Each structure stands twice: as structure tokens, then as C-alpha cells.
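Here is the structure we will look at.
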Amino acid sequence: AAGKSVTQTLPLINNSRNSWNIRVSVEGKSFNGPQTIQVPAGGRAEYPLTFSPEWVSDVQGKLTMTIMKGDGDVDERMYELKGTGKEPIAEDKVILDCQARRPVKHVFEVPNTTNERLNFHVESDLPNISGSSNISVGPRGRGKYALTIYPNVSGIMNGSIAFVAPSGRFVWYAVELRVTAPVAETKLEISATIRKAAEVEIAVSNPLTQMMTFDVELEGEGLYGEPFLKVEPGEQRNYKFIFAPLVAGESQGAIRFFNPELGEFWYRLKLSALRPEPIVLPTIQCPIGRKTTSKITIENPVETDIELTVLSSDAMRFGIVEKRPVVKANGTATFEIWHSSTSVGERIDGEITLSSQLIGDWTYIVSGIGSTPEAMPTTVIHAPINTHLTRLIKFVNPFSRPVSVEVSMKSESKKHLSSIRIFSKKTKYVIAGNKSIQIPICFMPKAMEEYRATLILSRDEQLSWRFPIIGTSLAPVSTGLIEIKCQARKVVEKIVPLNLDSIEFEDQSKPENFRLEVSSGVDPKNAKDLWKNELIDRCITAELVEDKLVYPNKKLLLKVVFEPLRTIHAPVNFLVYKKSGGCWKFNINLVATEPEIDDAITITGKLGVSKSVAFGLKNMLEGAAKFEAFFSVDSPPEYTVRPHKGILEPEGKEPTRFVISYKPTEYGKVRAGKLIIRTNIMQWTYKIKGVNQRYMKPVVETAPLKGYLEAGREPSKKLLTRKPKKTDYLSANRKAVRSNKTYVSTREKRKAPTVSK
């Protein structure tokens, strides 16, 4: 670099028995070195050649070495020299630690390497500086230049300062400013209740004659505001931001304003996140022996699901119905607080807290007052006529102390009492505190009608619990097989006659009224099969053609419209209820066969190489739906599909992407498969056709006969009559794939042909 020196050594090796005395002549500006050098016998030495360019230039030179070898022999060697002077490097890197909006001064040394006085012009890209624009330095001297820097924003800034001579030569320094933030304007104290927002305003003025834009930085949890603020010339504008904490506690924060012209100013913030006051819920009126609930709503303001932990001050009397309360991201959830009273007229207070490690606690003040017991939930019993069925009714002692109860059965009809009985001779029970008993009830209908009775547990004349019981007679299930069948995505309508055996008319002069219920027979507790209820509700519509019968008619007509969107094979229960009592159950088998093919997809692949195609699919029905994608059992294993499971997006959103892959393992006929994509309600079917690339038989470029003819020779009779040996290439290739070897014929070795697989 200009103004610097670089030295390069030239190796000199003396293999003789005499020492060498060498005279050196260096020609060329900026090149120099010692005039003599000695190399010992059998040894070596290094000649240092120095290049010292004064400025940016390309310099030519010559180095001449005259070697006196000691035996009177003289040898001369010449070298051409080329040197390039590059732009000067920085004299130094100056690092200045300072504070924004406060001046910092530094003195730079300016060297003059020439033999004449130079007036240097000062140039710099550093912001907000002051100092003389020129400096004069004497020959071979060093001047002192003072520079004042006034940084207006914090951060690390890099720049330079250069001292330029009239000839264009210059020296320069690299400068790094490490600027800390200025002193805070003031300290603001902001407080807000967690999960609520407090709004704050700060006035910002613009004293200049042009509009200023301030960049704004907010530091601290729960601070939200715009990233910039524009202020018109000579005006003042309020910057608004909010403090919305999620977790209680105190913390520090800051708000900073940046502008290249006006600099940086900021405010220190003391942030106080306060716990919310407990929420007082209305008093819950609760009959003794039952649980009464009150609903609460919780909002989740964060981007992730939160699971809540429940803490109750009195877990025997207050709690949350949901075992695992969860609130979805950016959503709300409603939960039920339950209360169980243990005494009539006495107020009980408690506290329930739902806690989240991420966003804090919700605390509720709860209270409840016990009242006299109300009727307990009705127990419904279905039993075939002239048979008996036993059901257990559970009673929990709501008191923490033992209680003695007397059990009895009452009904407005003696006939009903004879069919609904307590299946135990024991009539008195002593139940420990907060424990339960189970009372067996036997129902034995004798006619196709409805039976009603009430089980009563009495502690005394003022306190008793009543359990309503409804018994419904069931007619024998029809043994005839009724089947409704059609192809998926088709519609079939069918009228089914229903024979009501054992029907009794209370008044033969009046018609009997009926109602219909459809049930899939899925146990509500079996969450795995609940989708079948949705499927049946979607694909079937049923109604009674007439909902009345007049004596002596015993046949109803059922109209069924079956419109399946996917394959189904499921029994459905149709229950016919007589208004005056009695129920007939009919089993109808619904069968939906495979739908028509939606589309055919052809994939061309190479042997042993996987080839894929992709397509998008949306859910035709409202909303997103879970799906499963698979190939039918008769499809070849060369086909795969992904994803196997997922969510099928509805209209208006990006379609779900499916990728089908085909990897043939042998040549042969076309391999066809069937892809099925199925939701709980809908099904799509695709025929997949896998085609191998056409096999090209290898072609031999030259033949023995052609060589004979070109040479002008007559081929022998044996050569003319020789038949080429046939090779079964298909069999050879199949064996090669199984053994992972490659088959190449003798002629193919000379130039292997290209074979499509």
C-alpha cells in the first residue's frame, strides 16, 4: 500500500567450496536493498529487497547481482522488478466510546512523507462533526488535527476521516463510534391489571420546518404501539401505546424515539402488572342431593392453547365440571362451576382459581344455598312385554354425616305399581357421609303401554328425594330382514311397511298417535364410533306416511330416503312410539356400494424408479373434515399415497395436496390400482393406471457381413447361413432386477444401447 513498505527475500544458494562476494545494484524508484551480500561456501543466504511506493503507481526496476566466486570466476545475474503501489490503508482504527447527544473530541495525527509542506483538505462521512476544513503539515512532519463529533443516536457507527493533499494523495483513519443511549427524559410509571390494557400518551414536538418521521422502539413485556410517528413542521403530536400484561409482577421497560435530524430521546418505564380482583359469581341455589352449575367464560389472548389448573377452597362443595379445561389459541371457552349443598337454607362460600403458567390466574368467589330436594333425573326403562328388567338407581348422601332413609315406591295407578317394583325386601338404609347406595328396580310390563312410578327416599317428613321412573313396553323385535341398498352418491326412496304386533287400543273408537325415532345404536360413551351418528343423520331421511292408526289397522308405512355420499354397511334402529305407551323396534340394514370412479390417473414409470404425480382436493361440504387416504386391498403394492391422514380444507382455502407414487418392480401388463380418499361423510375414488416405459430392443451398429462386403471379400457360405443366437432380454432383465445385477450381451459390451424400462 502507498506510504508503506514491503520486503521480499531472494534465496541465494552456494554449492561450491568457495564463498561468494556479491555486489548488488538496484535500479528503479521505490526499490532498495543492501549493496553487498556474502554467501558462505556450501551454504545459503537471503537478499532482502524492499518496495516502498510513495503513492498509487506501477513501478518498473532492475536488480543486478555480480557474483565473485573466489576462484577468479565472475558471474552476473539480472532480474526485472515490477511493483504496484495500491491505495493506502488506514493509519489506524480509532474506537471512540461516547453518549448520544453529547460531544466527543479526538485528535488525529496527519503525517507528511514528502519533502515539501502540504495543505491537506479534510473529508469525512461521520455524521454531525465539526473541525477545520484544512490542515498544513511541514516536510517530513506530523500535524495534529482536532475533530469534534456530536452523535445524536445510540448504536455502533462506522466511518472514516481522510486528509487529502493537492496532488490527490491522502492518508486516512477508520473510525468506530460506540454510542450509548442518552440520559432518559424522565421515568414513567405505568400499571395495568393483567389481561387488561392501559393506554399511555407521550407528546413529541417537531421544531423544524419540514415533516419529521420518528422510528419508535418499545422495550418490555406487554407493550404495543406503532413502529413510527410522523409530526408536521412546528407541531406537536401525541404518540399512543398500550400496556397489556399477561403475568402479574413488576418489570422495567423503555420507549425510544429516533430521528436522523433530531436525534434520539427516550423514557424509562416502570411497569406494574396487577392481579385482577376476584370475580364474584351469583349465589347458586342448589337442591339437596344434586349438583347445580353456573357458567363462566375465559378468553385466551395468546397464540398457543392454554391448559388450566383448577384449585378449589372446598373441593367437596365446589368444582369445575370439565376434568381438563383447555382454551384454544386466541379463543374463548365456557366452563361450568358446580355446587353441591349439604344443608337447607345455609349459605356456603368458597373460592375457585383457574391458573395458567403463561397468562396468570382467574379467581372466582362462589357461594351456594341449599334448598329442599327437587325431583331427581328421570330414569327410563325399556323392557319387552311379559319379561322383566332390573335397573339400579344410585343415591349419594349429600351430607358429611350418616343419614337414615326409608325407601318406598308410589304411583297413581295400582297397575303401574304392580309392574314397577323395588326388587328388595329391605326398606331402610343407613348411608355413611358422602357415600352412596344402589337400589334395584324391577320393571315387568304386561301390556303395550307406558308405566310411571316414583321412587322415594325419605329422611323425615320435611326431607325426601324423589326419583321419577318411566317404563316403556317393547314389542318383540321384528325378525324380518329389511335392507335398503344403493350406490354411493345416488338416491333411493323406499316405502317400508311396519307391522305393530301386540298393539292395544285403549279406545277403539279413537285413533292412536305415533312418533318415530332413528338411532344408529352407537353407544354415546364410545367416542371412536360417534362419527357413525353424523353419517347416518346425513344420508337418511325417514318419516311416517301417517302417524295415526284406527282400529283394527295395525300397519304403519315408513318413507325412507337414502342418499349416501360414501360406502356404508350399517344397521339402523327405527323406533315407533305409541303416545299412550309402547315401543316397536325395527332393524333396517343400510348398504351403500362403491361409487362411480371420479377420475383416472396414468403414471408412466421406469423399472425400479419411483415416479410421482400430485393433485389438490377440497371438501365439498361445509367446513374442514378429517380424512384418510389409502389404496384398496386389491391394488398392487407398487402404489403409495401421502398423506395418509389429515384435514381436508373447504372451499375458499388452499386445497389439500395428495402425492401418488408408482415404483414398478418388473415388466409386464399394466398395473391398475384404486385410490380411496374418505371423510366421515364423503368419499372420492380414483383409478390409478401404472404404465412402464416402452422397452426398446438393443440395435447392433455393425454386422460381420457388412465388414466383409466393405472389404470386397466374398463371405463364406457358413457365415451367410448362420442364424443369430436369440436372447430373451425380458427374462434376463427380470432376473437382473431380482439379483441386483445388470445383464449386457456380448455385442452390447462394445456399445451399450439405451433401454427404456
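What you see below is based on every heavy atom in this structure, not just the backbone, and it leaves out hydrogens, waters and symmetry mates. Throughout, residue positions are numbered sequentially from 1 according to the sequence presented. Because the structure is predicted, anything quoted here is derived from the model rather than measured.
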Might you point out which heavy atoms bring [X] and [Y] nearest each other, and give the distance in Å?
X: Gln252; Y: Leu269; value: OE1-O, 3.4 Å
X: Val231; Y: Val204; value: CG1-O, 4.0 Å
X: Ala181; Y: Gln99; value: O-NE2, 3.1 Å
X: Ser160; Y: Asp125; value: N-OD1, 2.7 Å
X: Ile149; Y: Ile129; value: CG1-CG2, 3.9 Å
X: Lys618; Y: Gly652; value: NZ-N, 4.1 Å

Give a yes or no on whether the backbone of [Y] and the side-chain of [X] come within a donor-acceptor separation of less than 3.5 Å.
X: Arg237; Y: Lys230; result: yes
X: Tyr79; Y: Met65; result: no
X: Arg101; Y: Glu264; result: yes
X: Tyr173; Y: Ala162; result: no
X: Trp172; Y: Glu123; result: no
X: Thr64; Y: Met78; result: no
X: Ser57; Y: Val59; result: no
X: Tyr662; Y: Thr602; result: no
X: Arg195; Y: Ile359; result: yes
X: Ser167; Y: Ala165; result: no

Got a second to check how far [X]'s [atom1] is from [Y]'s [atom2], nearest 0.5 Å?
X: Lys196; Y: Phe243; atom1: NZ; atom2: CZ; result: 14.5 Å
X: Thr213; Y: Glu261; atom1: OG1; atom2: CD; result: 11.5 Å
X: Asp75; Y: Met68; atom1: CG; atom2: CE; result: 11.5 Å
X: Asn14; Y: Trp20; atom1: CG; atom2: CH2; result: 4.5 Å
X: Tyr639; Y: Ser661; atom1: OH; atom2: OG; result: 11.5 Å
X: Asn152; Y: Leu262; atom1: CG; atom2: CG; result: 8.5 Å

Does a side-chain heavy-atom distance below 4.5 Å link [X] with [Y]?
X: Glu54; Y: Thr113; value: no
X: Pro111; Y: Glu91; value: yes
X: Asp58; Y: Thr84; value: yes
X: Pro655; Y: Leu617; value: no
X: Leu271; Y: Glu221; value: no

| task | Could you walk me through whether Thr665 and Glu638 pass the side-chain hydrogen bond (donor to acceptor under 3.5 Å, both in side chains) test, one step at a time? | result | CA-CA 7 Å; Thr665 57; Glu638 286 89 345; 3.3 Å; yes
| field | Partners passing salt bridge (charged side-chain N to carboxylate O under 4.0 Å, His left out) against Lys328 (at least two apart in sequence or in another chain) | value |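 Salt bridge (charged side-chain N to carboxylate O under 4.0 Å, His left out) check on Lys328 returns Asp305.
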| said: Apply side-chain contact (heavy atoms from CB on, under 4.5 Å) to residues Thr66 and Val74 and explain how you reach the verdict. | reply: CA-CA 7 Å; Thr66 303; Val74 178; 3.7 Å; yes
| said: Show, in sequence, the C-alpha distance, side-chain angles and deciding distance for Tyr47 and Leu63, and conclude whether the side-chain contact (heavy atoms from CB on, under 4.5 Å) test is met. | reply: CA-CA 11 Å; Tyr47 179 80; Leu63 173 67; 4.2 Å; yes
| Passes side-chain contact (heavy atoms from CB on, under 4.5 Å), Ser133 versus Val122? Steps please. | CA-CA 5 Å; Ser133 60; Val122 184; 5.6 Å; no
Does a sphere of radius 6.0 Å around [atom1] in [X] hold more than 12 heavy atoms from other residues, nucleotides or ligands, not counting ones at 6.0 Å or beyond?
X: Lys663; atom1: NZ; value: no
X: Arg657; atom1: CZ; value: no
X: Gln8; atom1: CD; value: no
X: Arg642; atom1: CZ; value: no
X: Glu226; atom1: CD; value: no
X: Gln357; atom1: CD; value: no
X: Glu87; atom1: CD; value: no
X: Gln236; atom1: CD; value: yes

Distance-only polar pair, side chains of [X] and [Y], donor-acceptor under 3.5 Å:
X: Ser154; Y: Thr180; value: no
X: Thr114; Y: Asn112; value: yes
X: Ser191; Y: Ser272; value: no
X: Asn206; Y: Glu235; value: no

Presence of salt bridge, [Y] and [X], under 4.0 angstrom:
X: Arg178; Y: Glu176; result: yes
X: Glu116; Y: Arg169; result: no
X: Glu109; Y: Lys144; result: yes
X: Glu201; Y: Lys240; result: yes

Aromatic ring proximity, centroids under 6.0 angstrom, [Y] and [X]:
X: Phe51; Y: Phe31; value: yes
X: Phe257; Y: Phe265; value: yes
X: Phe258; Y: Trp266; value: no

| Considering the options Val110, Ile161, Val137, Val164, which one meets the side chain to side chain contact (heavy atoms under 4.5 Å, CB included) requirement together with Val171? |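 The residue from Val110, Ile161, Val137, Val164 that satisfies side chain to side chain contact (heavy atoms under 4.5 Å, CB included) with Val171 turns out to be Val110.
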| How are the rings of Phe163 and Tyr145 set relative to one another: parallel (under 30°), tilted (30 to 60°) or perpendicular (over 60°)? |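 Answer is perpendicular, since the angle exceeds 60°.
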| request: Determine, stepwise, if the pair Asn21 / Thr36 fulfils side-chain contact (heavy atoms from CB on, under 4.5 Å). | output: CA-CA 7 Å; Asn21 292 315; Thr36 61; over 6 Å; no
